[in-house]
Amino acid sequence: MRKTVSFFIFALFAINSCTVDYDIPKISERVPDRIVINGFLTPMETVKIAFGVVSQADGGYVYRAANGVKVRLTEDGNVVYDGICEDTLLTLDYQPKTTARYRIEASLDGYGTASAETSIPEAITGKIKYKGKTSQFYNENLICYLYDCENYGKNNQSALYISYYTKSEGDTLMEINSLYSKDLLIDNLNRVGGMPILDEEVGSLYFDNYMRIKRNNIPLIDTLVFAPEYAFGDGVVRLLTAGDDYDTYMRTFYEQTLNVGYDDISGAFVRLVHVYSNVSGGYGIFAGYNEIFNEIAGYEENENNF
């Protein structure tokens with residue numbers, strides 16, 4: 001796979017997705033071969049960090065996964081891991097801590113040393129109630145209400161992301177891609193219009209994958225009303241509190257997908273958006289977030305605390 005660095009960085013993040021801008025070199029410039037670090041940290045999961053390298057080839061750039069990377073990971077200055085990652089993915093039986101500060105350094109012969117720092121924000125909490133119901137196969141006017149948000153205004157709480165998942169066999173979660181709401185506090189970046197009205201309470205505008213509420217708007221929430229377009233059986237509402245690095249990466253990544261589309265990164269007239277990277281001496285993203293889940297039975301009106 002050979003692309004210019006501009007296209008490559010977007011393609012790499014698209015594969016791995018799940019802001020201070022950095023400058024992407026012009027094609028005519030020779031840049032050093034560099035390490036790529038990709039990792040999201042959350043207290044809900046153990047550590048998983050992927051490594052790769054970018055090198056110049058035939059006037060473009062090529063990416064490959066990398067093993068044998070020397071890695072040092074610290075938490076508030078204390079060493080969590082210091083050694084050689086023999087695989088392309090570093091997996092540790094260790095769960096990151098809320099409010100902790102993390103630093104990673106990765107080096108490989110011929111590719112120099114890359115480093116990044118991030119922290120994990122405290123989770124924003126709230127209450128949710130819902131009415132209507134779902135059937136085994138589809139949404140029967142299920143409406144969700146988020147209210148009484150608390151624990152906001154803390155350090156590194158950049159935004160709140162709300163998403164909805166349907167439970168399938170084996171409790172596997174399937175994300176619902178369209179969330180309807182007409183609340184003006186929600187960021188417009190991924191808002192889509194032109195659809196029939198799903199319900200008078202939520203209108204005809206929906207949000208692609210998630211609803212984002214920036215930090216300044218969270219204290220203004222009274223009752224945020226939303227509904228998944230498709231919701232069959234039991235469901236889960238996810239509240240994700242994004243740290244600054246995670247939020248800026250997600251926003252710039254989405255802006256890039258708007259320009260080139262999810263499946264086509266070869267358009268000749270695309271205005272490229274610099275996808276945010278906080279990795280010094282390399283490429284990639286190293287970011288923290290926190291999250292809380294609330295299960296919805298989906299068959300009767302209910303109220304639960306997150």
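No hydrogens, no waters, no symmetry mates; every other heavy atom, side chains included, goes into these values.
- For the residue pair Ile285 and Asp245, the shortest heavy atom distance occurs at CD1-O, 4.1 Å.
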Original post:
Under the salt bridge (Lys or Arg N to Asp or Glu O under 4.0 Å) criterion, do Lys167 and Asp234 qualify, and how do the steps go?
Top reply: CA-CA 6 Å; Lys167 279 189 175 182; Asp234 295 340; 5.7 Å; no
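- Looking at Thr99 and Lys97, their side chains never bring a donor and an acceptor atom within 3.5 Å of each other.
- Considering OG of Ser181 and CG of Asp199, their distance stands at 11.5 Å, rounded to 0.5 Å.
- Summarising the geometry of Thr88 relative to Ala65, their closest heavy-atom pair is CG2-CB, 3.7 Å, with the distance given to 0.1 Å.
- The closest donor-acceptor contact from the side chain of Lys182 to the backbone of Glu200 lies under 3.5 Å.
- Contact detail for Glu117 and Asn278: the closest heavy-atom pair is O-ND2, 3.4 Å.
- Put simply, NZ on Lys129 and CG on Leu146 are 11.5 Å apart, with the number rounded to the nearest 0.5 Å.
- Summarising the local packing, NZ of Lys214 is surrounded by 12 or fewer heavy atoms from other residues, nucleotides or ligands at distances under 6.0 Å.
- Not one N or O on the side chain of Asn190 forms a donor-acceptor pair closer than 3.5 Å with the backbone of Met211.
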**OP:** In sequence, state the C-alpha distance, the side-chain angles, and the governing distance for Tyr161 and Asp247, and then conclude on side chain to side chain donor-acceptor pair (under 3.5 Å).
**Re:** CA-CA 9 Å; Tyr161 287 70; Asp247 185 41; 2.5 Å; yes
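- The distance from the CZ atom of Phe226 to the OG atom of Ser163 is 9.0 Å, given to the nearest 0.5 Å.
- Ring pair Tyr206/Tyr180 is tilted by interplanar angle, where 30° to 60° counts as tilted.
- Closest approach of Leu179 to Ile162, counting heavy atoms only: CD1-O, 3.5 Å.
- With 3.5 Å as the limit, one finds no donor-acceptor pair spanning the side chains of Asn209 and Tyr254.
- The CD1 atom of Ile124 sits 5.0 Å away from atom CG of Leu160, with the distance rounded to the nearest 0.5 Å.
- Nearest approach of Ala123 to Asn151, heavy atoms of both residues: O-ND2, 2.7 Å.
- Judged by the 6.0 Å distance and 45° axis criteria, Lys131 is not positioned over the aromatic ring of Tyr145.
- Under a 4.0 Å N-O distance rule, the pair Arg191/Asp208 does not qualify as a salt bridge.
- Note that OG1 of Thr74 is 7.5 Å distant from CD of Glu105, once rounded to the nearest 0.5 Å.
- More than 12 heavy atoms of other residues, nucleotides or ligands lie within 6.0 Å of CG in Asn188, so this atom counts as buried by the packing criterion.
- How far OH of Tyr111 is from CD1 of Ile35: 9.5 Å, rounded to the nearest 0.5 Å.
- Ion pairing between a basic and an acidic side chain is recognised when a charged N comes within 4.0 Å of a carboxylate O; Arg215 and Asp244 show such pairing.
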